[in-house]
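Since the structure is predicted, the reported quantities are computational estimates derived from the model, not experimental observations.
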Amino acid sequence: MKTSVLDRFLRYVQIDTQSDPGSESFPSTAKQRDLSNLLAVELLEIGISDAHVDEHGYVYATIPSNSNKTQIPVICFCSHVDTSPDVSGANVKPVIHRKWDGSDIALPDDHTQVLRISELHDLDQQIGNDIITASGKTLLGADNKAGVAEIMAAAEYLVNHPEIRHGDIKILFTPDEEVGGGTEKVDLAKLGADYGYTVDGEAVGTLENETFSADSVRITISGVSTHPGYGLGKLENAVKIAADILAKLPKDTLSPETTSDKEGFIHPVQVEGIQEKVTISFIIRDFTTAGLHEKEAFLKGILDEVLKQYPNSTADFKVQEQYRNMKEVLDKYPQIIENAEEAMRRAGLDPVCRSIRGGTDGSRLSFMGLPCPNIFAGEHAFHSKLEWVSVQDMEKAVEVIVNLARVWEEKA
């Protein structure tokens, strides 16, 4: 199946859409709308007449049913337009390495940035394929513009091939996924979908039906401040209290650098303050809500133990829910996974269902009422200058999206 996915991808990654975790606006950066507005225009040009960008920067569109069946579930395909704040997304220069032979790929604008089979997961599966990277000074933006391009290419293919029967297909492009706001202002009633698929995964053939459950914890320590020259028996330094808390975290477990598979962690991500008051921010991750609560209780125990040494200091321990394991919802709708696996088999793939040590827009969408697993987009080494995707994997993703539209119609 030859589609427009490559041309679209090369254009989209050159539009800077980096989101900003420190922003109080929505979307967090106005430049995300540059891509959203372009996508709406291109959807209209394809012939999808209701395509538009709403006041929050979301793109909504509908490919109308062309089937005589009336009870076909409405499915949605969703990707996010923003790129990670971790690495610059400005002035991206995509480079295509045609028929890659397996040798090291030194990126042209920074030869210290090298893709090596020995270091990058799944790269060894791409020999003979066309690999796309950035030039070495930016991320590529495959996360998630690969998914955006694949949905757009699939939409164009479906519109141009009416012989492929399908029900109503909804398209949703979101801003701010990378900073946790991707579903904050989405209007599911307006979207009108029964089930969804985010197209934001990694290796070809993978289907992700499970994510971490996630909370954040903020510990605010109020110490006792006084002039250090007269601090004997009085001063209780909040900076040192924070250091004591962090020092008591386990060194060989419960951290991102010491866990894998289904193991969760307690991860400090920011420390800010002065001797009178310090705030420590953590993210807590586990595949079960009970596991989250156990880790939060463990952290609270460390705090209480440390505070015993500082009798005149206090601390506030605040837990905020972030997202939950979407498997809790998806297990109630097995047909969503079954149909995705069938769509992949029709594309000549052996589907692999697996867990994500992270989250997606689908995590929140599932609990908001739109059950939504994640299918592969082919993106790899995301959030880094070594980010890459292959043309062949993107073409397969387009084929799977088209097959999914057909499978849901056939099984209705």
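No side-chain donor-acceptor contact under 3.5 Å links Asp34 to the backbone of Thr17. Checking side-chain atoms of Arg357 against main-chain N and O of Asp261 turns up a donor-acceptor pair under 3.5 Å. Checked by atom type and distance alone, the side chain of Asp168 pairs as donor or acceptor with a backbone atom of Ser65 at under 3.5 Å. Judged purely by atom type and a 3.5 angstrom limit, Tyr12 has no side-chain atom pairing as donor or acceptor with the backbone of Ala146. Judged by distance alone, the side chain of Arg364 and the main-chain N or O of Gly180 form a donor-acceptor pair under 3.5 Å. Asp110 places no side-chain N or O within 3.5 Å of a backbone atom of Lys137 that could act as its donor or acceptor partner. Proximity of a side-chain donor or acceptor of Asn144 to a complementary backbone N or O of Val199 within less than 3.5 Å is detected. A distance-only check finds a donor-acceptor pair linking the side chain of Ser28 to the backbone of Asp20 [under 3.5 Å]. Counting only distance, with no hydrogens or angles, the side chain of Asp16 and the backbone of Gln18 share a donor-acceptor pair below 3.5 Å. Looking at Asp82, its side chain does come within 3.5 Å of a backbone N or O of Glu177 through a donor-acceptor pair.
A 4.5 Å side-chain heavy-atom check between His380 and Leu123 finds every atom pair outside the cut-off. Within the 4.5 Å cutoff, the side chain of Leu386 has no heavy atoms near those of the Glu119 side chain. In this structure, Val306 and Leu303 have side chains that are not in contact, with every pair of non-hydrogen atoms separated by 4.5 Å or more. The shortest side-chain heavy-atom distance between Ser313 and Val224 falls under the 4.5 Å cut-off. Two residues are said to be in side-chain contact when any heavy atoms from C-beta on lie closer than 4.5 Å; Pro373 and Ile337 meet this criterion.
Put simply, CG on Asn66 and CZ on Arg165 are 5.0 Å apart, with the number rounded to the nearest 0.5 Å. Here CD of Gln113 is found 13.0 Å from CD1 of Ile105. Values are rounded to the nearest 0.5 Å. Annotation: the span from Ile401 atom CD1 to Glu150 atom CD amounts to 6.0 Å, rounded to 0.5 Å.
Ion pairing of Glu342 with Lys411 is absent here, as no side-chain N (NZ or NE/NH1/NH2) approaches a carboxylate O to less than 4.0 Å. Arg11 has no carboxylate O lying under 4.0 Å from a charged side-chain N of Asp7, or vice versa, which leaves the two without a salt bridge.
Heavy atoms only, all atoms of each residue included: Ile46 and Met152 are closest at CD1-O, 4.1 Å. In this structure, Lys295 and Phe265 approach most closely via the heavy-atom pair CE-N, 3.7 Å. Considering all non-hydrogen atoms of both residues, Met326 and Cys372 come closest at SD-O, 3.4 Å. Leu10 and Pro94 make their closest contact through CD2-CB, 3.8 Å (heavy atoms, listed as atom of the first residue, atom of the second, distance). Residues Ser84 and Leu139 share a closest heavy-atom pair of O-CD2, 3.9 Å. Listed here is the closest heavy atom pair of Gly196 and Leu370: N-CD1, 3.9 Å.
Identified under the side chain to side chain donor-acceptor pair (under 3.5 Å) test for residues 180-197, with sequence neighbours left out: His52-Lys190, Tyr195-Gln335, Tyr197-Trp408. Here salt bridge (charged side-chain N to carboxylate O under 4.0 Å, His left out) pairs that include residues 369-391, with residues two or more places apart or in two chains, number zero.
For the residue pair His80 / Asp176, no side-chain donor-acceptor distance below 3.5 Å is found, with atom types taken as modelled. Residues Asp316 and Thr220 bring no donor and acceptor atom of their side chains to less than 3.5 Å of each other. Side-chain contact annotation: Asp361 with Thr174, donor-acceptor N/O pair under 3.5 Å present.
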### Task
Take Thr83 and Glu178, measure what side chain to side chain donor-acceptor pair (under 3.5 Å) needs, and give me the verdict at the end.
CA-CA 7 Å; Thr83 60; Glu178 296 289 2; over 6 Å; no
### Task
Please step through side chain to side chain donor-acceptor pair (under 3.5 Å) for the pair Asn374 and Thr198, ending with a clear verdict.
CA-CA 5 Å; Asn374 189 41; Thr198 52; 2.7 Å; yes
### Task
May I have the step-by-step check of side-chain contact (heavy atoms from CB on, under 4.5 Å) for Ser135 and Leu107, ending in yes or no?
CA-CA 5 Å; Ser135 64; Leu107 301 186; 5.8 Å; no
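A search for side chain to side chain contact (heavy atoms under 4.5 Å, CB included) contacts involving Ala61 returns Leu43, Ile48, Asp50, Ala51, Ile171, not counting sequence neighbours. Shown here are the side chain to side chain contact (heavy atoms under 4.5 Å, CB included) partners of Arg354, two or more places apart in sequence or in another chain: Glu202, Ala203, Thr206, Glu208. Phe367 pairs by the ring pair (Phe, Tyr, Trp, His ring centres under 6.0 Å) definition with nothing, not counting sequence neighbours.
Other residues, nucleotides and ligands place more than 12 heavy atoms under 6.0 Å from the CD atom of Glu257. Residue Asp101 places its CG atom among more than 12 non-hydrogen atoms of other residues, nucleotides or ligands, all under 6.0 Å distant.
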Which donor-acceptor pairs under 3.5 Å do the side chains of residues 276-285 make with protein atoms, sequence neighbours left out?
{"residue": "Arg285", "atom": "NH1", "partner": "Asp215", "partner atom": "O", "Å": "3.3"}
{"residue": "Arg285", "atom": "NH1", "partner": "Gln322", "partner atom": "OE1", "Å": "2.8"}
{"residue": "Arg285", "atom": "NH2", "partner": "Gln322", "partner atom": "OE1", "Å": "3.2"}

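Between His166 and the choices Leu404, Val407, Leu158, the side chain to side chain contact (heavy atoms under 4.5 Å, CB included) rule is met once, by Leu158.
Ring centroid separation for the pair Phe287 and Phe212 comes in under the 6.0 Å cut-off.
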